[in-house]
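To start, the structure under review is shown below, and the notes come after it.
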Amino acid sequence: MDNHDTFQQRIWQIIAAIPYGKVTTYGDVARLAGSPRAARQVGGVLKRLPADTTLPWYRVINRMGEISLTGNDLERQRRALLNEGIEVSPAGKIVLNSYRWQG
DNA sequence: AAACTGACTGTTA
DNA sequence: GTAACAGCCAGTT
C-alpha cells in the first residue's frame, strides 16, 4: 500500500485480502486503509463497484454484525455469505462473530 | 470550486 | 440491549 494510491485503490486491495469464509467491518477496512474515520466512505467505494467485480465485497458488514444493505441487495449479500458457510439470519444478522477478520 | 451525498461509527442517554 | 445525534470525509454533481 502506497500513500499515492487513491483511497479507493487501497480499499480494493484490503477487501481482496479478506479470507474466504470470513467477514470484516467497514470500520476495520477504513482503519487498515489508514483512515480510521472513513468507514462511511468504504461503503461509498463498494456501492460504486462494477457489477461484474470479482472483489468479495459481500464480506464487509457493519459493526453490529449485520448486513447494511436493504431489500434485494441484502438478499444477494446474504446468499453470497451463506454460500461460504457463514450463518446469516433472514434479516441480515450474522449469527456468530467468530468469522471476524482483522487483517 | 462549492455543495451535496451517504453499503458508517462513537458517544450519549 | 436500543435510539437519537453529530461528526466523518472520499466521491459525485
Side-chain angles (χ1 to χ4, degrees):
Chain A
M1 186 239 292
D2 293 320
N3 306 41
H4 63 283
D5 284 337
T6 66
F7 179 78
Q8 180 174 243
Q9 288 172 315
R10 296 201 297 277
I11 298 308
W12 289 341
Q13 292 170 0
I14 291 160
I15 291 178
I18 306 173
Y20 181 98
K22 298 278 187 178
V23 294
T24 192
T25 67
Y26 299 98
D28 283 345
V29 173
R31 224 169 300 131
L32 290 170
S35 298
R37 308 300 169 81
R40 204 166 183 167
Q41 286 56 249
V42 175
V45 169
L46 294 188
K47 179 175 204 170
R48 297 165 180 90
L49 282 176
D52 61 353
T53 184
T54 59
L55 226 61
W57 56 270
Y58 49 83
R59 295 182 189 147
V60 185
I61 62 179
N62 67 31
R63 86 165 166 128
M64 305 305 291
E66 52 194 20
I67 292 171
S68 287
L69 293 172
T70 60
N72 280 19
D73 291 332
L74 187 158
E75 191 51 30
R76 279 177 56 241
Q77 182 169 5
R78 177 169 181 265
R79 218 151 4 200
L81 291 172
L82 289 172
N83 187 50
E84 299 196 348
I86 299 171
E87 302 174 53
V88 187
S89 80
K93 175 87 178 177
I94 276 62
V95 175
L96 306 175
N97 45 338
S98 50
Y99 303 111
R100 190 71 154 271
W101 174 76
Q102 296 195 29

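Here is the naming used below: chain letters follow the sequence lines, and residue numbers restart at 1 for every chain.
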Item checked: Check: A:Gln8 side chain, C:dG11 base, donor-acceptor under 3.5 Å -> no

Check: Can you tell me how far CD1 of A:Ile15 sits from CG of A:Leu49, rounded to the nearest 0.5 angstrom?
Finding: 7.0 Å

Next item on the list: Identify the nucleotide, in any strand shown, that forms a Watson-Crick or G-U wobble pair with B:dA7, with both distances under 3.5 Å; if there is none, say none.
Entry: none

Margin query: Just to be sure I understand the rule, does A:Arg37 reach a base, reach only the sugar-phosphate, or reach nothing, if contact means heavy atoms closer than 4.0 Å?
Written below: sugar-phosphate

Notebook entry, point to check: Expressed in angstrom and rounded to an integer, what is the separation of A:Trp12 atom CH2 from C:dG11 atom C1'?
Noted result: 12 Å

Note to self: So does A:Lys93 get a backbone contact from the side chain of A:Glu66, meaning a donor-acceptor N/O pair under 3.5 Å?
What the structure shows: no

Margin query: Distance criterion of 3.5 Å, no angle test: do you see the side chain of A:Arg40 paired donor-to-acceptor with the base of C:dG7?
Written below: yes

Check: Atom CD of A:Gln9 and atom P of C:dG11: how far apart are they, to the nearest Å?
Finding: 9 Å

Next item on the list: Take the protein atom CG of A:Leu46 and the nucleotide atom P of B:dC8, then report the distance between them rounded to whole Å.
Entry: 10 Å

Next item on the list: Decide yes or no on side-chain contact (heavy atoms from CB on, under 4.5 Å) for A:Val42 and A:Phe7, but give the supporting numbers first.
Entry: CA-CA 9 Å; A:Val42 175; A:Phe7 179 78; 4.2 Å; yes

Next item on the list: With DNA chain C as reference, determine whether A:Arg63 or A:Ala38 sits nearer its 5' end, using the nearest nucleotide of each.
Entry: A:Arg63

Notebook entry, point to check: Roughly, in whole Å, what's the span from CD1 in A:Ile11 to P in B:dC8?
Noted result: 13 Å

Notebook entry, point to check: The side chain of A:Arg48 lies closest to which of these nucleotides: C:dT12, B:dG10, B:dG6?
Noted result: C:dT12

Item checked: Given B:dG10, B:dA7, B:dT9, the nucleotide with the shortest approach to the side chain of A:Arg31 -> B:dG10

Next item on the list: Would you please confirm or rule out a distance under 4.0 Å between OP1 or OP2 of B:dC8 and any side-chain N or O of A:Ser68?
Entry: yes

Item checked: Spacing of A:Lys47 atom NZ relative to B:dT5 atom P, expressed in whole Å -> 12 Å

Next item on the list: Nearest whole angstrom, please: distance from the C1' of C:dT2 to the CG of A:Asn62.
Entry: 14 Å

Next item on the list: Any chance you could lay out the side-chain contact (heavy atoms from CB on, under 4.5 Å) test for A:Ile61 and A:Gln77, step after step, and finish with the verdict?
Entry: CA-CA 10 Å; A:Ile61 62 179; A:Gln77 182 169 5; 4.0 Å; yes

Notebook entry, point to check: Of all heavy-atom pairs between A:Trp57 and A:Arg76, which one has the smallest distance, and what is that distance?
Noted result: CZ2-NH2, 3.6 Å

Next item on the list: Using atom CG of A:Leu49 as one end and atom P of C:dA10 as the other, report the distance to the nearest whole Å.
Entry: 18 Å

Margin query: Students often get this wrong, so: under 4.0 angstrom with heavy atoms, is A:Gly44 touching a base, only sugar-phosphate, or nothing?
Written below: nothing

Checklist line | Whole angstrom value for the distance that separates C1' of C:dG11 from CZ of A:Arg10 | finding: 14 Å

Item checked: Sugar-phosphate only, base, or nothing, as touched by A:Phe7 at under 4.0 Å among non-hydrogen atoms -> sugar-phosphate

